[in-house]
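What follows is one structure encoded as structure tokens, with my remarks underneath.
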Amino acid sequence: MKPIYTYFITIAILLMLIGFFSVSPDSAFIIEPKVGWVLTVPLKETVFALAFFAILFSVLYRYTEHLLYSHRWSIMHFICFVCLSLNFYTWNALSNRFVMRFEELKENAQQVKQLGEMFMRVEGFYSISFFVLILMQGLYLLNLSVGMIYQKRGDLS
């Protein structure tokens, strides 16, 4: 089985390519996790930050892989990281699509109301998944700490 750090390097390279060639400089990641509180982050910088964290996790996995408790946890962490990256990118595309639909339907109040309700449900899903996926990035630390505890116990025996 390939070491997990190669996967993180691969996703870092893909994120950098997306950041340089696909994301426009004026696009932003806008999400409203709570009514009245809006989180707005430039998407280009967010993609580069995700690439930085992918490189960071790659380096951490490279030098601490022998201390980890489970390789399966590492794979799950990688999957969560990919889902977090997709969450940022797809939410930007989806919210832009909703804005275009709102402009198309601005004369029909009933359809605008239905579209607004659908948008709020979708935004709620993205908000929850965004925060859950951020929390799941702590899997590396959990995997490392459990692995170190078990190794320490093995050394004492």
Side-chain angles (χ1 to χ4, degrees), residues 1-103 115-151:
M1 183 170 277
K2 275 188 167 178
I4 195 74
Y5 66 88
T6 58
Y7 298 125
F8 276 100
I9 282 292
T10 304
I11 195 74
I13 291 168
L14 287 173
L15 285 169
M16 282 192 258
L17 290 173
I18 288 171
F20 282 124
F21 299 115
S22 179
V23 178
S24 71
D26 58 340
S27 61
F29 177 76
I30 302 169
I31 200 159
E32 189 175 349
K34 204 171 156 184
V35 175
W37 188 64
V38 178
L39 177 67
T40 305
V41 183
L43 189 63
K44 192 171 197 98
E45 285 81 7
T46 305
V47 170
F48 287 131
L50 284 170
F52 168 76
F53 280 111
I55 292 169
L56 177 70
F57 282 128
S58 175
V59 169
L60 288 172
Y61 274 114
R62 170 70 176 97
Y63 293 109
T64 63
E65 197 159 22
H66 63 283
L67 298 173
L68 297 175
Y69 175 70
S70 171
H71 187 71
R72 287 182 184 163
W73 287 15
S74 303
I75 293 170
M76 188 168 64
H77 176 229
F78 175 73
I79 291 169
C80 289
F81 190 83
V82 169
C83 289
L84 179 65
S85 302
L86 290 173
N87 190 315
F88 274 104
Y89 199 70
T90 58
W91 174 244
N92 184 50
L94 196 60
S95 62
N96 288 340
R97 178 69 180 134
F98 270 110
V99 168
M100 289 187 325
R101 289 285 296 157
F102 276 124
E103 290 174 4
L115 189 63
E117 290 171 358
M118 184 188 324
F119 178 76
M120 294 302 287
R121 286 193 305 269
V122 170
E123 185 179 42
F125 168 77
Y126 269 89
S127 296
I128 290 169
S129 65
F130 167 70
F131 288 114
V132 166
L133 290 168
I134 291 240
L135 288 174
M136 292 297 286
Q137 298 312 302
L139 260 170
Y140 168 76
L141 296 174
L142 181 64
N143 192 359
L144 181 64
S145 60
V146 170
M148 291 174 76
I149 288 170
Y150 274 104
Q151 283 184 353

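All values below were derived from every heavy atom in this structure, side-chain atoms included, with hydrogens, water molecules and symmetry-related copies excluded.
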**Report entry** Partner residues of L86 under the side chain to side chain contact (heavy atoms under 4.5 Å, CB included) criterion, sequence neighbours left out
**Finding:** V82

Report task. Output all residues satisfying side-chain hydrogen bond (donor to acceptor under 3.5 Å, both in side chains) with T6, sequence neighbours left out; order by chain, then residue number. Result -> none

Report task. Applying side-chain hydrogen bond (donor to acceptor under 3.5 Å, both in side chains), name anything that partners Y5, two or more places apart in sequence or on another chain. Result -> none

Query - Set of residues satisfying side chain to side chain contact (heavy atoms under 4.5 Å, CB included) with respect to I9, sequence neighbours excluded - result: I13, S58

Pairs of donor and acceptor atoms involving the side chains of residues 44-54, under 3.5 Å and at least two apart or interchain, shall be tabulated with distances.
| unit_1 | atom_1 | unit_2 | atom_2 | d |
| --- | --- | --- | --- | --- |
| K44 | NZ | G19 | O | 2.8 |
| K44 | NZ | V23 | O | 3.3 |
| T46 | OG1 | P42 | O | 2.7 |

Query raised in the report: Can you name the side chain to side chain contact (heavy atoms under 4.5 Å, CB included) partners of I79, sequence neighbours left out?
Result: I75, C83

Report task. Return the set of residues passing side chain to side chain contact (heavy atoms under 4.5 Å, CB included) with R72 (not counting sequence neighbours), or none when no residue passes. Result -> S70

Considering only distance and modelled atom types, tabulate donor-acceptor pairs under 3.5 Å from the side chains of residues 93-100, sequence neighbours left out.
| unit_1 | atom_1 | unit_2 | atom_2 | d |
| --- | --- | --- | --- | --- |
| S95 | OG | W91 | O | 3.0 |
| S95 | OG | N92 | O | 3.1 |
| N96 | ND2 | N92 | O | 3.3 |

**Report entry** Contacts of R101 that satisfy salt bridge (Lys or Arg N to Asp or Glu O under 4.0 Å) - sequence neighbours left out
**Finding:** E104

Report task. Sequence neighbours left out, what passes side-chain hydrogen bond (donor to acceptor under 3.5 Å, both in side chains) with Q137? Give chain and number order. Result -> H77

Query - Contact list for residues 12-23, test side-chain hydrogen bond (donor to acceptor under 3.5 Å, both in side chains), sequence neighbours left out - result: S22-Y89

Query raised in the report: side-chain hydrogen bond (donor to acceptor under 3.5 Å, both in side chains) with Y69: which residues, sequence neighbours excluded?
Result: none

